[in-house]
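Shown next, in structure tokens, is the structure this report addresses.
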Amino acid sequence: MIEDALADLLRSALASSGLDLDGEPPEIVLTKPKQKEHGDFATNLALQVAGRVGKPPLEVAEIIVANLPSSDVVESKEIARPGFINFRVRDDWLHRALRDVAARGAAYGRSAPSGRRVQVEFVSANPTGPLTLGHARNAAIGDALARLFEFTGWEVLREYYFNDAGGQMDRFGDSVVARYLQAVGREAEVPDDGYHGSYVADIARDILHAKGPSLADLPPDERMTRLRDEAVQRVLPQIRSTLDRFGVRFDVYTSERTLAERGEIELAVQRLRQTGLAYDADGAVWFRSTEFGDDKDRVLIRSNGRHTYFAADCAYVIDKFSRGFDHVVYVWGADHHGDVARVRGAAQALGYDPSSLEFVIYQWVAFLRDGEPVPMSKRAGTFVTLDELMDEVGTDAARFHLLMFSPDATMNFDIEAVRQQSMDNPVYYVQYGHARIASILRKAAERRVELRSIDEADLSRLSHEAELDLLRAIADVTAEIRTAAERRAPHRLTHAAQGLAARFHRFYTECPVLSDDAELTQARLWLCVGTKQVIANLLDLLGVSAPESMERTEDVERAQ
RNA sequence: GCCCUCGUAGCUCAGGGGAUAGAGCGCCGGCCUCCGGAGCCGGGUGCGCAGGUUCGAGUCCUGCCGAGGGCGCCA
């Protein structure tokens, strides 16, 4: 990247400047000025070190500039008021970015493999029913993060963890039992705290169809666990296919019961005891999580002998690290932020580097329909499923919208708005840019305009401000993707995609691609090809498709 | 009471130390003999409040106010 090249120049200038830095060399920060008069890149280096070297910033800037090695990327440099050094880079650097896109295609901006492995655990909804709107943001963020990790050189494993035992699952089991008994013609009621959705009855009927009525006569405990497990076997594939449709594929599904059956939960508790951080009290086994910033100690084994979810979490931490990940990421809703301290504390107590665990906490989504909140309770049976959401607004619009906002911010998702305002929907604006370029390329083929090798193209013909802006946007994407990855901020990608599309649309309006000027046509065609590729790359990171053409929907025609 | 996140334009949100704070929507006015008008151009108002750190704060720290979420031997 150009920033790296400029940073090298500055480092070299600093080294040969004779300035006494007295300690660590400063981090070289290059920023893109908002004002174009300030050049393409700027550094505050002189301001940073002025205090240390005991000279006024402007003087330091002059010394640094005087010592800059000659370079074929720098067009000009100037010193500005408080002490900034502003660089203008040569246009052929922008051309290099475009050639890079042409050469690398989908891998443009991609980092080389680092050999580091990261596990991203997300969604992790319990198999008590279909995925709902509530899981949508988790799925979108988790998957986008996984894609960002992959793009920036990590080896990624996507994992889904679910609890298939425990109190919540028992309540689900009881509900299935009730529906099953009803299906065989017996009196039964779904418990008040059970799952009332009609899908439970569907599952029960399906079990009856497959296994017959004999399960009704099992002893109650066995009946519940048997029917619960039968139900889970039906729910999980459904969840999997919903995720598949949403563009999310997991590498591994891990169940709590597997951990329990392998004795790993007991082992985890044992290991915590060995550290002296687990103790007995009130008939239960506790973890001293207050040692790690938690506001109270947490129970691992209840006085009734059953382990808590937290105990399973501890076993799962061991499981994760035993598989050799360098980094593990949990994608959790804001309602789980309180669990962070104890899980990280447990990891630390177990001897793992607590900074290797990362918790990406996202805030809640308010789902609305025409401005009215959509009620969501799986237990009460009032919810909208993720499948229904995709039916209504489409997968692309759903994912893009869910990824438009910072995970830190609560967001609204008005189903009617995302569906009906398709004319103004950013996802279509971006996709339209891609489709529009595809259309130009088709038109070029129709007119028998052959796209020659980019090596033969005279990219210096791209001198219109709209062309240069577009080139800069293409060149910037690499840094933007890295920032999005580093900060766990996939929403930056949606903004980058919109910015790129906007610059393309302006270029399209002001600069006819197919003209009588053959050289200019070649250059502009390559600009189109590059833009199309980069838009597609960004959309891919978001899990959104990049269509070659777009149908006009009824909504749009009505609005026209 | 404690913990987490947020407070930026009429609305929805970007901007995690730099120079004159941006985008979309909405509103007003322009632009199609020509590559897709789902487009483009122009028009304007704003960092919750008070301190602090810094050469420089929307950004970092403290307090206050406001919104959302969380604080079980629930899951």
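In the text below, chain A, chain B and the rest are named by the order of the sequence lines, each starting its count at 1.
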- Task: Just compare C13(B), C40(B), G15(B) and give me whichever is closest to any side-chain atom of H491(A).
- Result: G15(B)
- Separation of R482(A) atom CZ from G16(B) atom C1', in whole Å? 20 Å
- Query: Would you say E266(A) has more than 12 foreign heavy atoms packed within less than 6.0 Å of its CD?
  - Reply: no
- Heavy atoms under 4.0 Å, any strand shown: does S549(A) hit a base, just sugar-phosphate, or nothing? base
- Message: Over all strands shown, is H505(A) touching base, sugar-phosphate only, or nothing at heavy-atom distances under 4.0 angstrom?
- Response: sugar-phosphate
- Message: side-chain contact (heavy atoms from CB on, under 4.5 Å) for V285(A) and L272(A)? Distances and angles first, verdict last.
- Response: CA-CA 10 Å; V285(A) 184; L272(A) 284 169; over 6 Å; no
- Task: For G166(A), answer base if it contacts any base atom (sugar-phosphate contacts may also be present), sugar-phosphate if it contacts only those atoms, and nothing otherwise; contact means non-hydrogen atoms under 4.0 Å.
- Result: nothing
- Message: What contact category does A80(A) fall into here, base, sugar-phosphate, or nothing, at under 4.0 angstrom with non-hydrogen atoms?
- Response: base
- Give the rounded distance in Å between these two atoms: CG of D516(A) and P of C35(B). 14 Å
- Task: Kindly indicate whether the side chain of S439(A) and the base of G36(B) share any N or O donor-acceptor pair separated by less than 3.5 Å?
- Result: yes
- Task: Using heavy atoms to find the nearest nucleotide of RNA chain B for M411(A) and G167(A) separately, return the residue whose nucleotide is more 5′.
- Result: M411(A)
- Task: Evaluate the ring planes of Y508(A) and F504(A), with Trp represented by its six-membered ring, and classify them as parallel (under 30°), tilted (30 to 60°) or perpendicular (over 60°).
- Result: tilted
- Query: What is the distance from OH of Y279(A) to P of C73(B), rounded to the nearest Å?
  - Reply: 11 Å
- Task: Toss me the dot-bracket line for RNA chain B: Watson-Crick and G-U wobble, both under 3.5 Å, 5' to 3', using | for pairs to another strand and [ ] for crossers.
- Result: (((((((..((((....[...)))).(((((.......)))))....(((((..]....))))))))))))....
- Message: Within 45 degrees of the ring normal and closer than 6.0 Å to the centroid, is that where the cationic atom of R342(A) sits relative to F287(A)?
- Response: no
- Note on the structure: In whole angstroms, the gap separating C1' of G39(B) from OH of Y429(A) amounts to 8 Å
- Item | T410(A) or P512(A), whichever maps to the more 5' nucleotide of RNA chain B | T410(A)
- Message: Base, sugar-phosphate or nothing for N86(A)? Non-hydrogen atoms, less than 4.0 Å.
- Response: base
- Task: Would you mind telling me which of U5(B), C41(B), G15(B) lies closest to the side-chain atoms of Q363(A)?
- Result: U5(B)
- Query: Taking the side chain from S124(A) and the backbone from F122(A), do they hold a donor-acceptor pair closer than 3.5 Å?
  - Reply: yes
- Query: Taking atom C1' of C74(B) as reference, at what distance in whole Å does atom CZ of R302(A) sit?
  - Reply: 8 Å
- Its glycosidic angle compared against 90° from 0, C55(B) adopts the form anti
- Message: Using a distance-only criterion (donor-acceptor N/O pair, under 3.5 Å, no hydrogens), is the base of C3(B) paired with the side chain of H337(A)?
- Response: yes
- Task: For A42(A), report the nucleic acid contact type (base, sugar-phosphate, nothing); a contact means any heavy atom under 4.0 Å.
- Result: base
- Message: Using the six-membered base ring of G70(B), report whether H336(A) stacks on it, requiring centroids under 5.5 Å and planes under 30° apart.
- Response: no
- Query: Between the main-chain N or O of P490(A) and the side-chain N or O of T494(A), is there a donor-acceptor pair closer than 3.5 Å?
  - Reply: no
- Message: Taking only the P atom of each, what is the distance from G24(B) to C6(B) in whole angstrom?
- Response: 25 Å
- Ignoring hydrogens and angles, tell me if any N or O in the side chain of W526(A) forms a donor-acceptor pair with the backbone of A457(A) under 3.5 Å. no
- Task: Figure out the CZ/P separation between F359(A) and U5(B), and round it to whole Å.
- Result: 15 Å
- G51(B) and U45(B): how far apart are their P atoms, nearest whole angstrom? 26 Å
- Message: So N44(A), base contact, sugar-phosphate only, or nothing? Heavy-atom distance under 4.0 Å.
- Response: base
- Going by the angle between their ring planes, with limits at 30° and 60°, are W332(A) and F359(A) parallel, tilted or perpendicular? tilted
- Query: Which part of the nucleic acid, if any, lies within reach of Y362(A) when heavy atoms closer than 4.0 Å are counted: base, sugar-phosphate only, or nothing?
  - Reply: nothing
- Query: With sugar-phosphate meaning primed atoms plus P, OP1 and OP2, does A334(A) contact a base, only sugar-phosphate, or nothing at under 4.0 Å between heavy atoms?
  - Reply: sugar-phosphate
- Query: What's the closest nucleotide to the R487(A) side chain, out of C35(B), G16(B), G37(B)?
  - Reply: G16(B)
- Message: Donor-acceptor check, side chain of R171(A) to backbone of Y195(A), threshold 3.5 angstrom: yes or no?
- Response: no
- Query: Reckon E37(A) touches a base, only the sugar-phosphate, or nothing at all at heavy-atom distances under 4.0 Å?
  - Reply: base
- So which nucleotide from C35(B), G39(B), C6(B) ends up closest to the side chain of D408(A)? C6(B)
- Message: Less than 4.0 angstrom between a side-chain N/O of K296(A) and OP1 or OP2 of C2(B), yes or no?
- Response: no
- Query: Where the side chain of S545(A) meets the backbone of P547(A), is there a donor-acceptor pair that is under 3.5 Å apart?
  - Reply: no
- Look at the side chain of R492(A) and decide which nucleotide, out of C55(B), G15(B), G37(B), has an atom nearest to it. G15(B)
- Query: What distance, rounded to whole Å, do you find between the two P atoms, one in C25(B) and one in G42(B)?
  - Reply: 14 Å
- Item | Nearest listed nucleotide, side chain of F84(A), among A19(B), G69(B), G36(B) | A19(B)
- Query: The side chain of Y432(A) lies closest to which of these nucleotides: C73(B), G72(B), G39(B)?
  - Reply: G39(B)
- Task: Using atom CG of D396(A) as one end and atom P of A38(B) as the other, report the distance to the nearest whole Å.
- Result: 19 Å
- Query: How long is the line joining CD of Q48(A) and P of A19(B), in whole Å?
  - Reply: 15 Å
- Counting only distance, no hydrogens or angles, is the base of C73(B) paired donor-acceptor with the side chain of S303(A) under 3.5 Å? yes
- Message: Nearest to the R442(A) side chain among U20(B), U12(B), G36(B), which nucleotide is it?
- Response: G36(B)
- R506(A) side chain, from C-beta outward: closest of C71(B), C40(B), C73(B): C40(B)
- Counting only N and O atoms by type, is there a donor-acceptor contact under 3.5 Å from the side chain of N138(A) to the main-chain atoms of V331(A)? yes
- Task: Name the closest nucleotide to the T509(A) side chain, picking from A14(B), C41(B), G39(B).
- Result: G39(B)
- Sugar-phosphate, base or nothing in reach of D282(A), heavy atoms under 4.0 Å: base
- Query: When rounded to the nearest Å, what value does the distance between P atoms of A38(B) and A21(B) take?
  - Reply: 35 Å
